[in-house]
Amino acid sequence: MGIGVKASHLSFVAHALAVAGAVMVLVWTIHFRGGLAWDSSNKNLIFNLHPVLMLIGFIIIGGEAIMSYKSLPLKKEEKKLVHLVLHAIALILGIIGICAAFKNHNESAIPNLYSLHSWIGIGVIVLYGIQWIYGFLVFFYPGGSPGLRSESLPWHVLFGLFVFILAVGNASLGFLEKLTFLENSGLGKYGAEAILVNFTAIVTILYGAFVIFTVFAQAPQEDDHSYSSL
């Protein structure tokens, strides 16, 4: 199953959307929301780490890890290492991003895990961790038998795409939730900040879409491994 477009071409669009999304979330949190901090008397600065790390660290780097198998003109083992390392970075930054949200809530006397966004977020990070551990053990070290790897690959790919899509959807839900809170606190519904947040969510969704498109696109000619089971 595939589409008749080169993966590298689609990945360029995804990279551009990734840069746009990263810039937009940084402008929002730094320019409109006051900056970023792990420790501060202004607890909002602690929370600001959450959208930055979840979008740039978790979704964008995670998406780049997914696309690496289809867009990089490298040998199979090299792409496997890039894929593994980028996913590990995404997982670590995602965990830190979730910790920032908990830290903000705990220091601001805000209840934890009361919203659908938070429930899905915990589920996503747990599933992502399970996916990474399974992939490491079966495809990297110590490595499963050829039969196990062959049988696991399509499920590994499909489950990974499911978790990624869930993460993108939950990020959009998070933008909506935060913007609703801000608007209920007096932020103008048609002001520059509200428009920026909405467009950041749209760019996030488009980035996720082009990551998926890249997975089903044509891999480089020398590729012998890129999601061939799909």
Side-chain angles (χ1 to χ4, degrees), residues 5 7-36 44-72 82-83 85-101 104 117-118 120-121 124-125 128 160-183 187 190-217:
V5 181
S8 59
H9 294 169
L10 290 173
S11 70
F12 288 147
V13 179
H15 299 329
L17 289 167
V19 171
V23 170
M24 293 167 78
V25 75
L26 288 172
V27 169
W28 176 42
T29 54
I30 295 173
H31 176 70
F32 287 99
R33 294 287 100 203
L36 308 168
N44 290 327
L45 303 187
I46 298 173
F47 177 82
N48 289 346
L49 288 169
H50 178 68
V52 169
L53 290 173
M54 299 314 293
L55 178 55
I56 298 177
F58 190 59
I59 290 178
I60 290 179
I61 294 180
E64 295 297 323
I66 292 172
M67 292 188 294
S68 66
Y69 253 130
K70 290 301 287 274
S71 61
L72 295 179
V82 170
H83 182 76
V85 171
L86 287 178
H87 272 312
I89 294 171
L91 178 60
I92 292 169
L93 293 179
I95 291 171
I96 296 173
I98 288 178
C99 289
N104 166 259
H117 171 68
S118 61
I120 295 176
V124 166
I125 207 74
Y128 202 100
L161 292 179
F162 166 72
V163 174
F164 179 73
I165 292 169
L166 197 59
V168 171
N170 199 45
S172 302
L173 188 61
F175 284 123
L176 173 63
E177 180 181 292
K178 182 62 176 178
L179 184 56
T180 301
F181 289 156
L182 292 173
E183 290 175 346
L187 182 72
Y190 299 100
E193 183 176 354
I195 293 172
L196 175 63
V197 174
N198 282 329
F199 270 108
T200 304
I202 290 172
V203 168
T204 301
I205 293 169
L206 290 174
Y207 173 74
F210 273 90
V211 169
I212 303 303
F213 296 158
T214 301
V215 169
F216 292 98

Measuring from atom [atom1] of [X] to atom [atom2] of [Y], what distance do you get when rounded to the nearest 0.5 angstrom?
| X | Y | atom1 | atom2 | answer |
| --- | --- | --- | --- | --- |
| Lys70 | Met67 | NZ | CE | 12.5 Å |
| Leu17 | Ile205 | CG | CD1 | 11.5 Å |
| Ile125 | Ile98 | CD1 | CD1 | 4.5 Å |
| Ser71 | His9 | OG | NE2 | 11.5 Å |
| Leu187 | Lys178 | CG | NZ | 10.5 Å |
| Leu10 | Ile212 | CG | CD1 | 12.0 Å |

Might you point out which heavy atoms bring [X] and [Y] nearest each other, and give the distance in Å?
| X | Y | result |
| --- | --- | --- |
| Ala65 | Leu86 | CB-CB, 3.5 Å |
| Leu176 | Thr180 | O-OG1, 2.7 Å |
| Ile60 | Ala18 | CD1-O, 3.3 Å |
| Val82 | Ser68 | CG1-CB, 3.9 Å |
| His87 | Gly62 | CE1-O, 3.6 Å |
| Tyr207 | Ala14 | CD1-O, 3.1 Å |

Taking the side chain as every heavy atom from C-beta outward, state whether [X] and [Y] have any pair of such atoms under 4.5 Å apart.
| X | Y | result |
| --- | --- | --- |
| Ile59 | Met54 | no |
| Val197 | Phe32 | no |
| Val168 | Val211 | no |
| Thr29 | Leu45 | no |
| Phe164 | Val215 | no |
| Leu49 | Asn104 | no |

Review point. How are the rings of Tyr128 and Phe58 set to each other: parallel, tilted or perpendicular (split at 30° and 60°)?
Key: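 Taking Phe58 first and then Tyr128, their aromatic rings sit tilted (interplane angle of 30° to 60°).
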Practice item. Please work out which of the three classes, parallel, tilted or perpendicular, describes the rings of Tyr69 and His83, given edges at 30° and 60°. Key: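 Judged by the thresholds at 30° and 60°, the geometry between His83 and Tyr69 is tilted.
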Check your understanding: Within a reach of under 6.0 Å around CZ of Phe199, are more than 12 heavy atoms found that belong to other residues, nucleotides or ligands?
Key ->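 Open.
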Point to revise | Distance-only polar pair, side chains of His31 and Glu193, donor-acceptor under 3.5 Å | key: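 Their side chains do not contain a donor-acceptor pair, so the 3.5 Å distance test is not met.
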Exercise for review: Output, in order, the C-alpha distance, side-chain angles, deciding distance and verdict of side chain to side chain contact (heavy atoms under 4.5 Å, CB included) for Leu26 and Ile56.
Suggested key: CA-CA 9 Å; Leu26 288 172; Ile56 298 177; 4.1 Å; yes
Practice item. For Phe175 and Thr204, run side chain to side chain contact (heavy atoms under 4.5 Å, CB included): C-alpha distance rounded to whole Å, both residues' side-chain angles, the deciding distance at 0.1 Å, then the answer. Key: CA-CA 10 Å; Phe175 284 123; Thr204 301; 3.8 Å; yes
**Study point:** Main-chain N/O of Arg33 paired with Asn48 side-chain donor or acceptor, under 3.5 Å
**Key:**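 Yes.
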